[in-house]
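Every number for a ligand or one of its atoms is a count from 1 in the order of the listing. Because the structure is predicted, anything quoted here is derived from the model rather than measured.
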Amino acid sequence: MEQIALNLGERSYKIIIADGILDDIGYIIKRQFSWKKIMIITDSNVSKLYAGRVAASLENAGLQAFVEEIPAGESSKSLARAEELYNAALDCRLDRNSAIMALGGGVVGDLAGFIAATYMRGIACIQVPTTLLAQVDSSVGGKVAVNLQRAKNIVGAFYQPSLVVIDSSVLSSLPDREFREGLAEVIKYGVIKDAGFFRWLEENASRLRLSSSDLVYAIKRSCEIKAGVVSQDETEQGIRRILNYGHTVGHALETIFGYGTLLHGEAVALGMVFEARIALLRGIIDERTFLRIEGMVRSAVPVVMPYEPDRDRLIEIMSLDKKNLNEKIVFILPETLGRVGVYTDVTKEEILQAFTIG
Ligand code: GLY
């Protein structure tokens with residue numbers, strides 16, 4: 001069992017990672033916390049696989065468990081669905097000595113975290129992510145949100161969980177495409193913070209699904225890097241921005257093609273290669289570094305754009321990103337393997353040139 005601490009003073013918490021830990025979750029919680037009731041929020045896909053096991057584990061440890069199932073998919077991340085869940089929480093008589101558990105991927109984690117952040121002005125939250133993407137990214141760091149029709153993740157909070165429990169064995173039920181999209185974020189950590197981890201991924205990424213110890217290591221190293229960054233900058237005023245490498249272009253591609261056409265991690269994979277190319281064109285990285293990033297990303301996350309996007313529209317979408325500063329598009333560009341910088345001076349011409357070559 002691996003344990004990582006995310007240090008944020010009184011709001012510090014542990015991230016526990018192991019292969020096959022799901023059935024122990026009740027005892028893990030019971031040992032550390034005094035909650036009496038736990039409402040498990042899960043989706044229609046994950047529910048039939050794992051909700052019964054997790055609820056049984058909680059009950060065996062003497063906790064009262066309630067399961068609330070939402071339809072799988074991004075459209076559940078809405079205020080209307082949130083209202084239903086607040087009412088369910090009231091029906092179960094959840095109080096401030098209760099907790100919400102998010103059992104699922106990014107949609108469940110964001111929505112359940114949002115409920116926990118706002119029900120009774122905030123009750124405890126446990127993240128139990130069941131996709132690789134959620135295990136290495138969205139379950140850690142406290143970003144919670146719902147969507148409005150016209151804008152994704154626009155109503156939300158930074159609200160840290162009290163505990164994150166990651167069982168790598170649940171990934172065996174994940175379709176290959178979804179496993180690979182999660183690898184995009186894993187590779188991202190190597191590029192932004194750890195050249196040694198990047199090298200390790202070059203050698204081992206192709207067999208992660210075959211080796212549980214390697215998979216636990218990849219998840220652990222990713223969470224360690226993310227926890228280190230978030231501990232320094234919880235609300236993304238500075239260094240946390242580096243976690244957005246690949247996301248400036250990635251988000252724009254997701255928007256232009258419509259959510260769901262490309263998976264989030266696939267869009268980020270394309271974004272990482274594109275943004276590395278901008279760094280190459282600027283002379284920030286050399287050709288060898290660019291080719292290593294491109295080779296790693298393309299072999300781990302095979303994806304092609306469904307069609308050639310309208311470039312002006314893409315730039316327009318990037319310029320509306322909520323992460324921009326003083327109306328300037330923010331790019332995170334690799335400077336060498338293991339280090340990135342924040343750039344706000346990338347011109348439209350450079351973006352277009354990177355597209356032309358790509
Ligand atoms: N997904 C990037 C972050 O949590 O900051």
Taking the side chain as every heavy atom from C-beta outward, state whether E335 and Y343 have any pair of such atoms under 4.5 Å apart. yes

K143 to ligand 1: N or O pair under 3.5 Å? yes

Output the list of atoms in ligand 1 that are nearer than 4.0 Å to some heavy atom of E236, sorted by atom number. 5 (O)

Check whether the ring centres of Y307 and F257 lie less than 6.0 Å apart, and answer yes or no. yes

Verify whether one side chain among D95 and S98 offers a donor that lies under 3.5 Å from an acceptor in the other. yes

Identity and distance of the protein heavy atom lying nearest atom 1 (N) of ligand 1: D137 OD1, 3.0 Å

Tell me, please: is H247 in heavy-atom contact with ligand 1, that is, under 4.0 Å? no

My understanding is that only one of L210, L171, N204, I17 makes a side chain to side chain contact (heavy atoms under 4.5 Å, CB included) with L215; could you say which? L171

Criterion salt bridge (charged side-chain N to carboxylate O under 4.0 Å, His left out) on E350 and R282, from CA distance to verdict: CA-CA 8 Å; E350 283 178 281; R282 291 193 142 206; 2.6 Å; yes

Decide whether an N or O pair under 3.5 Å exists between R240 and ligand 1. yes

